[in-house]
Structures are given as structure tokens and as C-alpha cells.
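Scroll down for the structure; my scribbles are underneath it.
Naming: A, B, ... by sequence-line order, numbering from 1 per chain. No hydrogens, no waters, no symmetry mates; every other heavy atom, side chains included, goes into these values. Not measured: the values here are computed from a predicted model.
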There are 2 protein chains.
Amino acid sequence: MSSRGVRHDSMRARNLAVVLATIHRSGPHTRAELAERTGLTKTTVSSLVADLIEAGVVSESGAVQKGERGRPGVAVSLSGRRVAALGLEINIDYLAACVVDLTRTVRLRRTRPADNRNSDPAAILDGLRVLAKEITAEAEAGGLRVIGAALAVPGTVEGEVLRSAPHLGWRDVRVPDLVDLPFEIDNEANLAALGELWFGSRESDFLYVSGEIGIGAGLVVDGAVFRGTYGLAGELGHVVVVPDGPACRCGGRGCLEVYAGQDTLLGALGSAGSAGSGGSADAADPAGAAGLVGSTGSVGELVARLEAGDPEAVRTCERAGHALGVALTSAVHLLDPGLIVLGGIYAPLYRWLEGPVSEGLGARLAQMRGTPPALVVSGTGPDAAVLGAAGSVIQRIIADPAQLLGL
Amino acid sequence: MSSRGVRHDSMRARNLAVVLATIHRSGPHTRAELAERTGLTKTTVSSLVADLIEAGVVSESGAVQKGERGRPGVAVSLSGRRVAALGLEINIDYLAACVVDLTRTVRLRRTRPADNRNSDPAAILDGLRVLAKEITAEAEAGGLRVIGAALAVPGTVEGEVLRSAPHLGWRDVRVPDLVDLPFEIDNEANLAALGELWFGSRESDFLYVSGEIGIGAGLVVDGAVFRGTYGLAGELGHVVVVPDGPACRCGGRGCLEVYAGQDTLLGALGSAGSAGSGGSADAADPAGAAGLVGSTGSVGELVARLEAGDPEAVRTCERAGHALGVALTSAVHLLDPGLIVLGGIYAPLYRWLEGPVSEGLGARLAQMRGTPPALVVSGTGPDAAVLGAAGSVIQRIIADPAQLLGL
DNA sequence: TTCCTTTAGTCCATAATCTGTACATAATCC
DNA sequence: GGATTATGTACAGATTATGGACTAAAGGAA
């Protein structure tokens, strides 16, 4: 709750943000349309747009608004030419980085396969610093100005400290600024949820479920991630499914993770599963169709078994789906999301999970809510978290473009 | 997300709110202190305070700031003289109303015992309208200006429609404006949470658990109630405790309500429980110590049995506590509250619930969070919801005092 | 007591920003 | 080609905050 008064400069800063947000939300607009939408006068909008152009965040896109009659207006749209953001990710078996511009176009992407289980934080962070420096240099060689960075980690984060990342074996690691830029860290699921918002063409209210080795969730309400009091909200993986079920790594019993975590699901393969993933995708692929992260070998194997109708695999998947349905029922009652998006390894498994999950939701929620929230598969692919990290930086630029004018 | 630009008048409106919120948050201040805290100049603060005095929301409280040296400043504090809010409540066995002034002082309170189970909405609402008119008239006779009203109902609310209040037997009831004032409806648990915030001297982040016939919860984050996408968040009573447990009224199975709802707890009394509550408390009791609602007979009886060590009662209470511990574990993982407050009938039962609940929380959360959120008993008593209703109106006045200047 | 120092609050000229009307511009319609 | 309509800019005017000067009121020192 900001308790600072509004002065002339903050009024203008706010109005710059309002105009930019309008363009960002609903696409290119003429100055006249912006005036209508924001309630400001044409004069003021013209002046604000001039500043935004100078800051390099918007440009006159030549395209004219084909009005019925009268002088056509020139549309003003986001500019991807100058300002860009750096997304970083540490995950169990890879490091990743990407550069995204203001128009949500992925300009560069890099992955380094690695085995980060039970690793030394300092070494990994050094590796990531090198990766960040390389990709930033390349982006700047291409004329982009990288304005900030964010890092996604598979664990709980408070401030700049990684509290606990059990699968990395890290605990209370203070992450230093990896780049000479504004820098922040956040939980993988939270950032993946933002990735879904920014790159999965979602409306602004949904619960993103990130199925990985751990299971996280990010609740997006009105375009922002809900973080709770200490930033630890959304730990779906440890919602209780069976009060006296099997012990979980977290110290509890019968947590969702025990029934639907990646290790359990891949356990259905026996001990025959192949280990590491293959090569890296080092190409600049602006379309974003190909996965940034190489397809996770053993999940692919599970899918193959499921397609072949392997009964053990099918049964495990069904059980996971049921457990997910139970946990999501609790989550819907508590969080009231507008939509549920299944991501991470749940995306390739969606065909087999959807039935049991939505059955459970429907049976338990129908009477209290009419229709339970829809269940859909993520549209982002396995890169959600890195992309979301970059997206979170861009989100902050759009929320306050004035910071670019001072420099 | 407001997409409207800031104009001069909204800048001033915002600054009025900033000054008023500062006084509200941290007590009386001199103009000079306000200038320091808000970052505005003394000149501007003086002018804003003059407007706030004219609006009747603050006054110079004579008290002077005993500075070390120099001219002493006159403290400006909230004024309870003019502006007040009306809180209303429909519950299973009573109607209630109260008038609260800006300083959080309860000026008037009224209760009408009633049996509202499976009742006719129109008749009940008419009765409430009469009650509201009476108490408003009395408040205005006392020189107060009642500026808005809010109604707490035991059910889910969307906009001005009461979607479902199973214990009243109401469904999709459109509630008309009961008074000639700005008027809103909200869920009993949400408003009770606000009541706890306003009248229970809480910090601004906690989860309020409302144990009634149904079990609700209101999450307060940064001083505001978290409502979710459709305003249906916080339905703690239907969090799944045992996936294939006994059927619940909601269509699900093994919901918390089945194990820890009032009906289950009182079921421990056999069928001997006394029915209605006694007299009404019609006095104007500014201290607020006495309960607005007559003590619920049968809960009192349960407490008596527990004190006597009745094994059936103790066992039921323990089972409820365990279930509550499980449900709250899930809630903590999803919502990350800073504190858990037990209210409603859980307040008198706190002595017997605290053990099993915090045991369950501790065992399940310790490893992931160090210390789980503290568990405390509500400081508000059974009136939390009506008081919170009035509080929510006052909250909106404080968030935008400019609306009072136009009239 | 008297003066000096310190802090509070007000006055007034100035600055920043938005508004509103007027106007130049550029398209369509007849 | 002229009328109509809409866009975008220019300039004067309005609103609000700022900043330094000034008055006010207390304590402390001489």
C-alpha cells in the first residue's frame, strides 16, 4: 500500500503507464482512440505518446486506422526494436536463458544441459552468469537494450534468497545479482504462470499448474501473480490428498506430490527409464514453436507406453489424475480461479489426465458452483518459466515506463 | 486494473486518501509529520487537511505534539463525530445491525432473534429493512451521518446476488438495496475477517477461519480481503480432508464441514441440545465487550460438557481439530497466510481445538517453512461479521474521502 | 526578562501538468 | 470540387503541488 503522495511527476509517470498499458492490452491504437479509452484529452495523449516514442517503447506503425470518414489516424504500437528483457532459469537438468522484446517476441534463446541435482550453488551460478553475459552481449550487438533480468528457480524464494530447492539440494542460498541490471528471483511455478499469461494467450485469471519433479502452482488474478504473505503461496504439491497416506519428502503424509509428482509417474516405467535429455536448441527461433528445452526423454517414454496401452502406466496416470482432482478441488474452493491450466509434464500427459481430473472436479464442485472452472492444457510448452521470467521484467517496464525516460 | 488516466482532480483525491490513510494507520499526526510521511510539502498537507476537516472525517484534537523544542504542532486525528457506517447481518438464527463511526467505535447495535432456516427471502429482507431504518434514524438523531451500508450473509455472493445460502435455504436471491445509501453484500466469512482486522487489532495479513454451521475463511492480504475470480474464494469448509469420506451437503465427499461443522460438533451432544438462544442485547454498548449475539445455547452446552470431560464430546472435538489441521495445512500451502485466526464457534472451543490443530500443522509444515503460521483465537467475539460489514464501508470511505466533499 | 534557536503552520509566487478551444490536415461522400 | 468528418497539434487557461519567505509558539540561554 503506497503511502506516498502524488506529485506532478508521478501523475505523468502514471499516465505514461496508463497509455502504454492500453496499447499493450488491446493492441495498436491511434492517439484519438487512446484519448477515448483513457479519459485523457487528445492533447495530453499526444504529449505522452511523444515521450513513449522517445523512450523507445512504442512507435508509429505506419498502419493507419481505416475510419469510415475523416482523416485517418496513425496507429501507435509497441516497439520491439529497442527495449528487451532477459529471462533465466535454473532447473534440475538444464540452465536456460532467453531475450524477449516488448512485443513478446522471443529474440534469442539458449540452453545448457546440466545435471544440477545436489550441486554446488556457486558453480552453477557462475555458469549461469556466463550464459547471461553471452546472450546479453549478442542481444546488444543486435541493437537491443536489455533492461532487466529475472531468474526462475525450482524452489521457494523470499526476497533475493532461495529458501529451499529440495531437488537441487540447495537451502538458504543468497543469489547475487548475476547481471549488471535490475534483477529478481522467483519460483518456477509463479514465473511459468506469467509465461502462460504472456505467451499462452490467456485471459488474466487462471491457475497454472506446473507439473515437474515438484508440483507448483501460480495463481494469476487480474494479470498479477498472487504470492501470499511470504511469497510461498501456490505450493499445490503439498496439498493433502490422503491425511494418513505415504510419507512425503516434505515431512507430511499423503501430499499430492506423492501421487502425481514426476518421480511417481515415471516410476511406472520400472527402473528402465532413460536418464538425461539430448541436445540443446541453440537457434534463434522467433516463432517459438520448438521447445527451448529438449524433450524430456523419460516423459516421452511414458507417453509412448500410454499410447501403447501399457496397463501399469495407464493405472499410475489415472491414480495421479484422481489425486490431482482432489487437490484441485481444494484449490478451487480456496482460490476460486477462473480457469485451470495444466503445464509442465502434465501437458504431454494431458490426454490421459484430463478425464480423471475433470471428473473429480465436476463431481465435487458442480453443486456449489454450477460449472467448475474449465481445465485446459498449457499453450506454452516446456519453456514457460524462462519466458515468464522475461515476461515479468517486461511487465514491470510496462507498469512504469517513466523509468526509461530518466536515463 | 484501472485504465483511466490521472487528472488534477484525481491527483487531489488520491492525496486526500493518502493523508487520511496515514492518520488511520498510525494514529494522530501533526501536519508536519504528515508531510514527512507522505512526501508532500507542508503547504499541500495543510490544504488537504483543511478539506478533510471540512468533510468531517478528521479534526484537530487539541492534543499537541510535545516536541523537544520549537513550536508544538496540533495533532490531527480521525473524527467520529460526523461520518458513520451501517453494518447488517442475516444469519441462521438472528438479524443484526450496527452503526460504527470512523474511529471504529461501535455507536449502536441491535439484534433480532429469528429462525431463518428455510425461510422466505422477501419477508426476512423486509424485517431487515425495518431494522436498518430504525437504527439509521437513531444514529442520525444523534448527529451522525450514515454514509453507506454493507450486509453479511451466510452464503456465496456474486455482485448483488446471493448465489447460494444452503442453511437459509436461499438460492439465487437478488438482494435489493435495503437502504437509500451505497450498499453492498458479501459473504459472512469475508466480512468477519474484515471485522477481525478492524476490531480485533490484527496486523494486515491473516487467514480468518469462521466456524459456523458452514465453515468459511477470509484471507486478508495487505489489509484487503482476497476474493478470487468470482468472489468465491475461501470456502474452507469444502476443502477435501478424506477423498472418499462421508458425503457432504455440497455433493462432495469428506469435506472439512463433515468433520468440523457446527452440526457435527453439536451432534456430540446427542439429541438433547437446547434449541434457540435467549434474549437480545439491545443496549448501546460502546466498549464492545458484551456479545452482540446472545451466546449460542448449544455451543455453550458443548463447552460445559468438554469442561466436565465428557469423553464423547472430547473425542468429537479432537477429530474436528485433526480435520481442521489437515484442511489448514492445504490452505497454508496454497494461500501462505501470515497468521491463522480461529473465530465463530471455534473461539469458545479454542482450548480443545488448539492442540490437535497446531499439532497437525506443525508436523506437516515444519520442514518446508521453519515455523508454521501462528494459530490464535479471534479477538472479536461473535459479532465479527456485522462489525466487519460496517468496517468494509468505512474502509471504502478512507480509501476515497473525496466522495464526501462533492456532496 | 529578553533574546536566540527550533519547529509548526501559512502565504504567495512559481512550476508542472492536464484541459479545452481553435486550427491545420487528410481522408470520404456527393 | 466542396462539404463533411475525424485526427492530431497549438496555445491559453485551469488546477494542483512546490519552495522559500514569513508568522507563530514553544524551550533554552544570557
Produce the list of close N/O pairs, under 3.5 Å, pairing protein atoms with atoms of nucleotides 13-17 of chain C; give distances to one decimal.
from, atom 1, to, atom 2, distance (Å)
C:dA16, N3, A:H8, NE2, 3.3
C:dT17, O2, B:H8, NE2, 2.8

Practice problem: Round to the nearest Å and state the distance from B:H29 atom NE2 to C:dA8 atom P. | Solution: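 Atom NE2 in B:H29 sits about 13 Å away from atom P in C:dA8.
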Practice problem: Figure out the CZ/C1' separation between B:R14 and D:dT16, and round it to whole Å. | Solution: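 Atom-to-atom, B:R14 to D:dT16, this comes out as 16 Å.
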Quiz item: Under the side-chain hydrogen bond (donor to acceptor under 3.5 Å, both in side chains) test, which residues partner B:T43, sequence neighbours left out?
Solution: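 Result, side-chain hydrogen bond (donor to acceptor under 3.5 Å, both in side chains) vs B:T43: none returned.
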Quiz item: By side-chain hydrogen bond (donor to acceptor under 3.5 Å, both in side chains), which residues pair with A:E203, not counting sequence neighbours?
Solution: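 By the side-chain hydrogen bond (donor to acceptor under 3.5 Å, both in side chains) rule, A:E203 matches no residue at all.
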Exercise. Identify the two heavy atoms, one from B:L178 and one from B:L151, that lie closest to each other, and give their separation to 0.1 Å.
Key: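 Smallest interatomic distance, heavy atoms only, reads CD1-CD2, 4.1 Å.
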Quiz prompt | Exercise: identify the closest heavy-atom pair between A:A13 and A:A402 | solution =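 Taking every non-hydrogen atom into account, CB-CB, 3.7 Å.
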Quiz item: Got a sec, which pairs hit salt bridge (charged side-chain N to carboxylate O under 4.0 Å, His left out) with one end in residues 35-59 of chain A, sequence neighbours left out?
Solution: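 As it turns out, the salt bridge (charged side-chain N to carboxylate O under 4.0 Å, His left out) pairs with a partner in residues 35-59 of chain A, which skip direct neighbours, are A:R12-A:D51.
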Quiz item: Hey, are A:T41 and A:T44 close enough side-chain-wise for a donor-acceptor pair under 3.5 Å?
Solution: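 There is such a pair between these side chains.
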Quiz item: So which pairs with a foot in residues 26-55 of chain B pass ring pair (Phe, Tyr, Trp, His ring centres under 6.0 Å), sequence neighbours left out?
Solution: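 The answer is none; no pair qualifies.
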Exercise. Can you check each nucleotide of nucleotides 6-11 of chain D against protein heavy atoms at under 4.0 Å and return B for base, S for sugar-phosphate only, - for none, in 5' to 3' order?
Key: BBBBBB
Quiz item: Between A:H8 and B:H8, how do the two ring planes meet: parallel, tilted or perpendicular, split at 30° and 60°?
Solution: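 Perpendicular.
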